[in-house]
Amino acid sequence: MRTLHFGLRVADHERSLTYYTVLGYELVGSVPDTPLGHLTMLKLPGDEFVTIELVHDPRRAHGPVGAGLSHFVIKVESMDATLANLAANGIESEAPTSPDGSDDFRTAWTTDPDGNRIELLQWPRGHADGMGAADLSD
């Protein structure tokens with residue numbers, strides 16, 4: 001079993017699609033006129049599968065967009081290159097910090113157009129792609 005993707009409700013489809021493509025996501029395809037609204041499927045380069053589904057339905061009045069989601073995390077190869085690309089495209093982010101004080105384990109935060117908080121994470125060289133039990137032990 002594994003998580004396939006999550007759906008993010010968005011207020012402005014084009015603005016959100018632009019944001020996520022600047023962040024590095026690739027458009028896989030769209031499914032218009034579903035009971036949930038217009039669905040846009042995105043994946044990261046090198047990934048085989050969709051990881052984010054943008055859900056846009058201007059006909060429905062929903063609670064605050066972004067409500068219920070604390071944050072999600074995107075692994076980046078180079079924090080500096082990622083932040084430079086965001087800045088070049090007018091997307092703000094917080095200055096990176098290091099959870100362990102090193103130069104190669106870094107995190108930074110950005111917020112999408114709907115208020116969803118995104119943690120950008122650069123693992124130290126040689127670290128597995130994901131987080132495991134070893135990352136949580138003392």
Side-chain angles (χ1 to χ4, degrees):
M1 197 175 351
R2 70 179 281 181
T3 301
L4 295 180
H5 67 268
F6 60 95
L8 283 178
R9 194 169 305 285
V10 299
D12 183 324
H13 177 263
E14 290 304 315
R15 186 176 69 169
S16 294
L17 182 57
T18 298
Y19 176 87
Y20 283 99
T21 54
V22 167
L23 198 55
Y25 282 86
E26 298 173 347
L27 176 64
V28 174
S30 293
V31 183
D33 301 321
T34 76
L36 295 175
H38 183 99
L39 310 179
T40 302
M41 310 300 177
L42 305 174
K43 72 175 195 70
L44 287 168
D47 278 355
E48 185 177 354
F49 303 111
V50 167
T51 52
I52 294 179
E53 175 184 87
L54 301 179
V55 180
H56 179 253
D57 187 354
R59 299 168 299 179
R60 291 187 175 183
H62 297 284
V65 176
L69 178 70
S70 167
H71 70 286
F72 64 96
V73 184
I74 300 171
K75 180 182 96 71
V76 300
E77 295 302 319
S78 167
M79 184 65 70
D80 293 334
T82 300
L83 296 180
N85 182 52
L86 293 177
N89 284 279
I91 297 173
E92 295 180 10
S93 60
E94 296 175 10
T97 60
S98 176
D100 68 359
S102 69
D103 292 330
D104 59 348
F105 179 22
R106 301 168 70 199
T107 64
W109 292 86
T110 183
T111 303
D112 80 2
D114 292 294
N116 295 300
R117 297 272 294 154
I118 302 167
E119 180 182 7
L120 305 172
L121 182 137
Q122 176 187 296
W123 285 124
R125 188 163 283 154
H127 191 283
D129 282 341
M131 183 185 298
D135 295 303
L136 305 174
S137 63
D138 291 340

Could you check whether any side-chain N or O of [X] sits under 3.5 Å from a backbone N or O of [Y], counting only pairs where one atom can act as donor and the other as acceptor?
X	Y	result
E26	T21	no
W123	D129	yes
T107	P96	no
R15	P113	yes
N89	I91	no
T111	G115	no
D112	D114	yes

[X]-[Y] co-clustered via ILVMFWY side chain contacts under 4.5 Å:
X	Y	answer
L36	V28	yes
F6	Y19	yes
L8	L44	yes
L39	V50	yes

Query raised in the report: Going by the angle between their ring planes, with limits at 30° and 60°, are H13 and H56 parallel, tilted or perpendicular?
Result: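 Tilted.
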
Report task. Kindly assign one of parallel, tilted or perpendicular to the pair Y20 and F72, based on the angle between their ring planes and the thresholds 30° and 60°. Result -> parallel

Query raised in the report: Checking side-chain contact (heavy atoms from CB on, under 4.5 Å) for the pair M79/E77: CA distance, chi angles, key distance, verdict?
Result: CA-CA 7 Å; M79 184 65 70; E77 295 302 319; over 6 Å; no

**Report entry** Pair H5-I52, side-chain contact (heavy atoms from CB on, under 4.5 Å): steps then yes or no
**Finding:** CA-CA 5 Å; H5 67 268; I52 294 179; 6.0 Å; no

**Report entry** K43/E53 salt bridge by N-O under 4.0 Å criterion
**Finding:** no

Requested in this report: Would you please test M41 and S30 for side-chain contact (heavy atoms from CB on, under 4.5 Å) and show each step?
Outcome: CA-CA 6 Å; M41 310 300 177; S30 293; over 6 Å; no

Requested in this report: Establish, from distance only, whether the side-chain atoms of D80 and S78 form a donor-acceptor pair under 3.5 Å.
Outcome: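 Result is no, nothing qualifies.
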
Which pair of non-hydrogen atoms, one from [X] and one from [Y], has the smallest distance, and what is that distance?
X	Y	answer
P124	F105	CG-CB, 3.6 Å
E94	A108	O-CB, 3.6 Å
L86	S93	CD1-CB, 4.4 Å
G37	R59	CA-NH2, 4.4 Å
L27	L42	CA-CD2, 3.8 Å

Requested in this report: With the side chain counted from C-beta on, respond yes when V22 and N85 share a heavy-atom pair under 4.5 Å apart, and no when they do not.
Outcome: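 A side-chain contact under 4.5 Å exists here.
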
Report task. Could you check if a side-chain atom of L120 sits within less than 4.5 angstrom of a side-chain atom of L83, using non-hydrogen atoms only? Result -> yes

Report summary line: The reported gap from CD1 in I118 to OG1 in T110 (rounded to nearest 0.5 angstrom) is 6.0 Å

Report task. Can you measure from NZ (K75) to CD (E119) and round to the nearest 0.5 angstrom? Result ->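 Answer for the NZ-CD pair, K75 versus E119, is 14.0 Å.
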
Query raised in the report: Between T40 and L17, does a side-chain contact (heavy atoms from CB on, under 4.5 Å) hold up when you go through it step by step?
Result: CA-CA 8 Å; T40 302; L17 182 57; 4.1 Å; yes

Query raised in the report: Is the number of heavy atoms from other residues, nucleotides or ligands under 6.0 Å of D103 CG greater than 12?
Result: no

